[in-house]
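A short worksheet on the structure shown next.
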Amino acid sequence: MTAAPELTVIQVPVSDPRVRPLLRELGHEYSTRYGKDAHAEISRYPDEEFTEPYGGLLLLLLERGEPVAGGAFRRYDATTAELKRIWTHSAHRRRGLARRVIAELEREAGTRGYRRVYLTTGPRQPEARGLYLATGYTPLFDTAADPETIGPLPFEKHLTTEAPTGRAAE
């Protein structure tokens with residue numbers, strides 16, 4: 001049995017060419033589930049909101065130099081980061097990469113002073129809903145209701161305080 005290839009985590013601007021697969025696949029995914037107007041979700045926020053000067057971040061997980069997963073956060077308010085654009089390449093799903101992306105985003109948000117993470121996912125994305133529940137997010141909606149009657153499904157998670165080592169407590 002061979003060891004799994006090592007993943008490299010990098011922070012990049014939205015303009016980096018390695019982000020293109022993320023945007024392309026997310027656009028396709030949204031359009032497939034929600035119709036042609038879903039591409040507007042990708043362009044809803046200006047790219048600079050995902051940069052450090054604006055309180056945001058975009059990161060990619062690279063395997064052998066190729067992007068296999070990624071995600072971002074933007075400033076929601078002074079103490080809250082909003083996760084956006086969580087993505088795993090279609091050829092690399094079912095490997096736990098989205099969990100890794102979320103953990104990296106939470107760690108980075110914590111080091112930047114955020115104490116809470118907020119996100120929404122669409123009602124036609126049961127995989128995302130399951131991921132957020134499995135990674136400790138609290139649903140801010142009635143989980144027994146038909147998701148189609150709710151609209152975007154909001155979640156939150158309160159981040160732990162910094163550990164004495166300087167890394168976020170796990």
Side-chain angles (χ1 to χ4, degrees), residues 7 9-14 19 22-23 25-27 29-30 33-34 37-61 69-88 93-170:
L7 296 171
V9 180
I10 61 169
Q11 296 177 25
V12 295
V14 175
V19 176
L22 177 152
L23 297 175
E25 284 200 345
L26 284 177
E29 190 76 24
Y30 296 161
R33 293 181 192 229
Y34 301 104
D37 294 332
H39 277 282
E41 176 59 29
I42 295 292
S43 60
R44 177 175 296 176
Y45 302 102
D47 292 350
E48 61 265 10
E49 288 196 25
F50 301 103
T51 64
E52 191 168 351
Y54 287 83
L57 165 80
L58 179 93
L59 63 78
L60 294 173
L61 297 184
F73 64 75
R74 61 184 285 277
R75 178 182 300 277
Y76 186 76
D77 64 33
T79 60
T80 306
E82 180 180 17
L83 297 190
K84 303 297 290 178
R85 301 176 180 169
I86 306 300
W87 164 78
T88 300
R93 295 195 175 145
R94 312 292 306 158
R95 294 177 47 198
L97 298 174
R99 284 178 182 255
R100 172 80 184 272
V101 167
I102 289 170
E104 292 288 341
L105 290 170
E106 289 172 0
R107 185 181 63 74
E108 284 292 331
T111 64
R112 294 171 190 218
Y114 291 114
R115 295 293 151 238
R116 177 177 171 256
V117 176
Y118 172 82
L119 64 90
T120 60
T121 192
R124 297 180 191 163
Q125 295 174 265
E127 309 90 344
R129 175 183 165 150
L131 171 68
Y132 302 131
L133 291 170
T135 53
Y137 282 78
T138 301
L140 302 175
F141 59 93
D142 180 358
T143 58
D146 176 0
E148 290 287 336
T149 66
I150 299 170
L153 308 176
F155 291 85
E156 73 173 353
K157 184 176 191 179
H158 293 274
L159 300 176
T160 58
T161 58
E162 287 292 311
T165 62
R167 292 189 55 99
E170 308 227 8

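All values derive from a computational prediction rather than experimental measurement.
The structure places CZ of R99 at 6.5 Å from CG of L131, a figure rounded to the nearest 0.5 Å. From K157, atom NZ reaches atom OG1 of T135 across 5.5 Å, with rounding to the nearest 0.5 Å. If you take CG on L57 and OG1 on T111, they are separated by 8.5 Å, rounding to the nearest 0.5 Å. The CG atom of D77 lies 3.5 Å from the OG1 atom of T80; values are rounded to the nearest 0.5 Å.
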Would Q11 and E108 count as a side chain to side chain contact (heavy atoms under 4.5 Å, CB included) if you check the C-alpha gap in whole Å, the side-chain angles of each, and the deciding distance to 0.1 Å? CA-CA 10 Å; Q11 296 177 25; E108 284 292 331; 3.4 Å; yes
F155 and L140: CA distance, side-chain angles, deciding distance, side chain to side chain contact (heavy atoms under 4.5 Å, CB included) verdict: CA-CA 5 Å; F155 291 85; L140 302 175; 5.8 Å; no
Decide yes or no on side chain to side chain contact (heavy atoms under 4.5 Å, CB included) for V19 and W87, but give the supporting numbers first. CA-CA 11 Å; V19 176; W87 164 78; over 6 Å; no
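For R93, the side-chain contact (heavy atoms from CB on, under 4.5 Å) criterion is met by E25, E29, T88, S90, not counting sequence neighbours. In this view, Y76 and Y118 satisfy the ring pair (Phe, Tyr, Trp, His ring centres under 6.0 Å) rule, not counting sequence neighbours. Partners of E52 by salt bridge (charged side-chain N to carboxylate O under 4.0 Å, His left out), not counting sequence neighbours: none found. Taking E156 as the reference, R116 meet the salt bridge (charged side-chain N to carboxylate O under 4.0 Å, His left out) condition, with sequence neighbours excluded. Looking at residues two or more places apart in sequence or on another chain, you find a side-chain contact (heavy atoms from CB on, under 4.5 Å) between I150 and F141, A145, L153. Y137 meets the side chain to side chain donor-acceptor pair (under 3.5 Å) test with E106; sequence neighbours excluded. For A109, the side-chain contact (heavy atoms from CB on, under 4.5 Å) partners two or more places apart in sequence, or in a different chain, are F73, A81, Y114, L159. Considering only residues two or more places apart in sequence or on other chains, F50 meets the ring pair (Phe, Tyr, Trp, His ring centres under 6.0 Å) condition with none of them. Annotation: side chain to side chain donor-acceptor pair (under 3.5 Å) contacts of E104 (sequence neighbours excluded): R100, R107.
Here the side chains of P147 and R129 are in contact, with some heavy-atom distance below 4.5 Å. In this structure the side chain of L23 reaches within 4.5 angstrom of the side chain of V14, judged on heavy atoms. Using a 4.5 Å heavy-atom cutoff, the side chains of L7 and L97 are in contact. Counting heavy atoms from C-beta on, the side chains of P139 and L133 come closer than 4.5 Å.
Counting only N and O atoms by type, the side chains of Q125 and Y34 include a donor and acceptor under 3.5 Å apart.
The two residues V101 and G70 make their nearest non-hydrogen contact at CG1-O, 3.4 Å. Considering all non-hydrogen atoms of both residues, T120 and P152 come closest at CB-CB, 4.1 Å. Considering every non-hydrogen atom in both T121 and A128, the closest pair reads OG1-CB, 3.3 Å.
For the pair R74 and Y45, the cation-pi test (distance below 6.0 Å, angle within 45°) is passed.
Every pair passing salt bridge (Lys or Arg N to Asp or Glu O under 4.0 Å) that includes a residue from residues 139-150 is listed here, sequence neighbours excluded: R124-E148.
A distance-only check finds a donor-acceptor pair linking the side chain of R112 to the backbone of G56 [under 3.5 Å].
Screening L59, L60, L58, L61 for a side chain to side chain contact (heavy atoms under 4.5 Å, CB included) involving I10 leaves a single residue, L60.
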